[in-house]
Structure formats: structure tokens, C-alpha cells
Amino acid sequence: MFALGLDFGTTNSVAALLRADGSIETARFTHGGETETICRSAISFFNERGVTKSEVGPWAVDRYLADPMDCRFLQSFKTFA
């Protein structure tokens, strides 16, 4: 048995896994050569070849900056959750 914990913060979010042996492992996110245990609270939705896709965290920011007219970008989505 295990449990997954999510903390949706206004600026950053964290995900952690509680394993059956009682150990806790925080999810790691690698972007731009840096590895973090937090993820920016941002999400982007975009259409690629007729399919709606999404990115989160720094990848969402990258997607938005690459083509802001082709992307729906939400930051601080905790307000909407």
C-alpha cells in the first residue's frame, strides 16, 4: 500500500509518495539542467495536430513563451481548483 500527497501551492506545487515501508519520496522535476523537488504552479493547454495537450510547471511556461497565441496559460490555478 502507498499514498500520494499533493500540495497545490499558489506559486509552487509538491508531490510526495508514502511507501509501504513508511519512507517518503518527493517527486523530482528536471528542467534546464536543474533538478527541483517543487514544480511551478502553472499549466498550459494547446492543440497539436487536432489533439488538445497540456504541459505543467516550467514546461508550461516554455510552451506559452514559444507561442502565446497558440496556448491557453493558467498560473496560480489553485484559485480555480
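Values below: all heavy atoms of this structure, side chains included; hydrogens, waters and symmetry mates excluded. Here, residue 1 is the first one in the sequence, and each next residue gets the next number.
Partners of Phe73 under the ring-ring contact (aromatic ring centres under 6.0 Å, His included) rule, at least two apart in sequence or in another chain, are Tyr64.
The OG atom of Ser13 sits 6.5 Å away from the CG atom of Asp7 when rounded to the nearest 0.5 Å. Atom-to-atom distance recorded for Cys39:SG and Leu6:CG is 11.0 Å, nearest 0.5 angstrom.
Within the structure, every pair that satisfies the salt bridge (Lys or Arg N to Asp or Glu O under 4.0 Å) test and touches residues 66-76, not counting sequence neighbours, is listed here: Arg63-Asp70.
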Sequence neighbours left out, cut at 3.5 Å: what donor-acceptor pairs do the side chains of residues 53-61 make with other protein atoms?
from  : atom 1 : to    : atom 2 : distance (Å)
Lys53 : NZ     : Glu48 : OE2    : 2.9

Considering only distance and modelled atom types, tabulate donor-acceptor pairs under 3.5 Å from the side chains of residues 21-31, sequence neighbours left out.
from  : atom 1 : to    : atom 2 : distance (Å)
Asp21 : OD1    : Ser23 : N      : 2.9
Asp21 : OD1    : Ser23 : OG     : 2.7
Glu25 : OE1    : Arg19 : NE     : 3.4
Glu25 : OE1    : Arg19 : NH2    : 2.4
Thr30 : OG1    : Thr35 : OG1    : 2.9
His31 : NE2    : Asp62 : OD2    : 2.5

TODO: Start with the C-alpha distance between Ser41 and Thr11, add both sets of side-chain angles, then the distance that settles side chain to side chain donor-acceptor pair (under 3.5 Å), and finish with yes or no.
DONE: CA-CA 5 Å; Ser41 296; Thr11 303; over 6 Å; no
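Residues Phe2 and Leu17 come closest through the heavy atom pair CD1-CD1, 3.2 Å.
In this structure, Val14 belongs to a hydrophobic cluster whose other members, linked by side-chain heavy atoms under 4.5 Å apart, are Ile38.
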